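Notes follow once the structure below has been shown.
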Amino acid sequence: MARPTAYEPINESAEDADGTTQTQRQDEPQFSRTEYGIFFLLGISMLWAWNMFLAAAPYFYTRFQSDDWTKLHYQPSILSVSTVTNLGTAYILAKLQKNASYPWRIMLSLLINCAVFTILAFSAVVFTDGSARTYFGFLMVMVFGASLATGINQNGVFAYVSGYGRDEYMQAIMSGQGVAGVLPCIVQIISVLAVPSKGDSVDRDPGQDQDPSMPQTTSSRSAFVYFLTSMAVSVIALLGFLYLLRNQPQSRQKVTRADDESMADEHEHSKTVSLWSLFVKLRFLAFAVFMCFLVSMVFPVYTAEIQSVNDPTSSQIYDSSVFIPIAFLLWNLGDLVGRMGVAIPGISLGKYPQAAAILAITRVMFIPIYQLCNINGKGAVVKSDIFYLAVQFLFGATNGYLGTSCMMGASHWVVADERPAAGGFMSMVLVGGLAAGSLLSFSVAST
């Protein structure tokens with residue numbers, strides 16, 4: 001008999017559709033701080049690679065100074081290749097569920113990242129005489145590889161963690177992603193304050209104009225450190241995950257009726273659930289997470305354009321080279337606080353999907369609020385940097401809170417052996433929201 005179509009969570013006090021009772025659910029794996037820490041590290045590594053691409057943007061600019069086309073189009077090209085590759089990978093892997101080995105996908109993604117950023121690191125000190133067009137093609141291949149790894153990693157990690165059935169571990173992944181957004185901002189601010197820009201750059205061609213938004217000097221050694229750091233993060237995450245797998249028989253119990261653990265593992269990985277079936281069960285949460293990240297993608301555009309209302313000559317903090325990174329930092333700090341705050345029992349919207357969907361829609365109000373600020377120095381309706389930075393923090397906090405609530409809540413609306421598929425599906429929807437938001441942000445930038 002078909003199940004009712006009402007949108008309701010799996011009843012944990014009665015027998016579930018897969019035969020799991022309240023007594024059996026008490027055998028779910030107990031919380032482990034070690035496992036939480038490893039999943040937190042996996043969350044950092046998931047987005048660290050992309051943030052290193054952003055941090056190395058000034059270096060890429062210097063590599064493309066000799067060619068006007070690549071200098072103008074390298075950033076949109078990185079964004080386009082990344083989002084298309086990431087979304088395509090997420091969609092394909094979300095459909096390839098039968099006999100899927102999610103640990104293998106996680107390890108493969110980390111190995112790809114290690115290879116990509118090792119090559120990029122040595123290209124910064126060895127491959128320095130090639131033309132701008134040649135390096136552009138090389139960079140797009142590297143972006144494709146890193147984005148492929150990110151898509152595989154997101155699918156594998158979210159699916160694998162969903163199999164545990166513990167909200168805390170999903171929150172660890174999302175919090176790790178938040179940390180990966182905060183640290184590069186701090187490094188950027190410190191580097192600008194510690195090394196004030198000079199009037200002339202040793203790397204600058206006297207016959208070329210320099211983009212004022214880019215640091216005037218970016219050494220190959222700095223880029224080498226950027227990329228090598230990203231590779232090191234992937235290596236540490238891989239070692240942590242291998243440790244987790246090695247100790248898995250003692251730390252993880254399968255939430256199934258099968259007595260034989262290997263049989264339970266095979267049953268879990270061979271379970272195939274259609275994307276439509278997952279959408280029907282998770283439609284409000286899926287909409288909320290898609291809308292959440294779609295709307296959030298306008299923040300990089302406005303953050304790069306909004307300037308301080310104070311005289312930049314009065315303090316270096318008000319100069320765009322410092323003020324813009326501070327604004328990015330406030331957004332990412334809010335995002336991190338929102339992701340960490342969901343760990344407090346009872347405040348997650350994961351069990352209230354309709355409320356999550358409503359909150360996702362109301363976040364659109366941040367767009368007209370940004371219009372009240374000093375966009376491109378044209379003047380502000382609300383002449384206050386504190387107001388603008390508070391908006392940044394709140395926008396980030398609602399993103400972290402809502403996104404994490406949705407990702408954590410998905411496991412409550414499916415039966416135990418559908419959780420890995422649900423995790424992969426929700427990661428695909430998340431990436432879809434980012435991709436759609438990235439495309440829409442171009443229209444925001446042109447207004």
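The model shown is predicted, which means the values in this text are computed figures rather than measured ones. Positions are given from 1 along the sequence.
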**Message:** Does atom CZ (F138) have a neighbourhood of more than 12 heavy atoms from anything else shown, all under 6.0 Å?
**Reply:** yes
**Asked** Around W69, counting heavy atoms of other residues, nucleotides and ligands shown, do more than 12 lie under 6.0 Å from its CH2?
**Response** yes
Within the side chain of [X], is there an N or O that forms a donor-acceptor pair under 3.5 Å with the backbone of [Y]?
X    : Y    : result
S175 : A172 : no
Y135 : S123 : no
T398 : F395 : yes
Q177 : L47  : no
R339 : M174 : yes
E168 : A343 : no
T362 : L359 : yes
N332 : F328 : yes

**Ion pair R166/E35, N-O distance below 4.0 Å** = no
**Asked** Taking the six-membered ring where the residue is Trp, are the ring centres of F279 and W276 under 6.0 Å apart?
**Response** yes
**Prompt:** Any side-chain donor paired with an acceptor under 3.5 Å for R63 and T70?
**Reply:** no
**Request:** Kindly compute the distance separating CZ (F40) from OG (S45), expressed to the nearest 0.5 Å.
**Result:** 11.0 Å
**Nearest-0.5 Å distance, OG of residue S162 to OH of residue Y102** = 9.0 Å
**Asked** For S234 and F117, what are the C-alpha separation, side-chain angles and deciding distance, and is it a side chain to side chain contact (heavy atoms under 4.5 Å, CB included)?
**Response** CA-CA 9 Å; S234 296; F117 284 95; 5.7 Å; no
**Prompt:** Among all residues two or more places apart in sequence or in another chain, which pass the side-chain hydrogen bond (donor to acceptor under 3.5 Å, both in side chains) test with T150?
**Reply:** none
Does some side-chain heavy atom of [Y] sit less than 4.5 Å from a side-chain heavy atom of [X]?
X    : Y    : result
M407 : F158 : yes
Q171 : Y36  : yes
M291 : V364 : yes

**Steps toward side chain to side chain contact (heavy atoms under 4.5 Å, CB included) verdict (Y388, Q392)** = CA-CA 6 Å; Y388 165 58; Q392 283 287 86; 3.7 Å; yes
**Check against side chain to side chain contact (heavy atoms under 4.5 Å, CB included), F299 and N399** = CA-CA 11 Å; F299 105 87; N399 178 81; over 6 Å; no
**Item:** Candidates W104, Y160, F39 - the one meeting ring pair (Phe, Tyr, Trp, His ring centres under 6.0 Å) with F241
**Value:** Y160
**Request:** Could you check T89 against N155 for side chain to side chain contact (heavy atoms under 4.5 Å, CB included), going step by step and ending with a plain yes or no?
**Result:** CA-CA 9 Å; T89 303; N155 174 269; over 6 Å; no
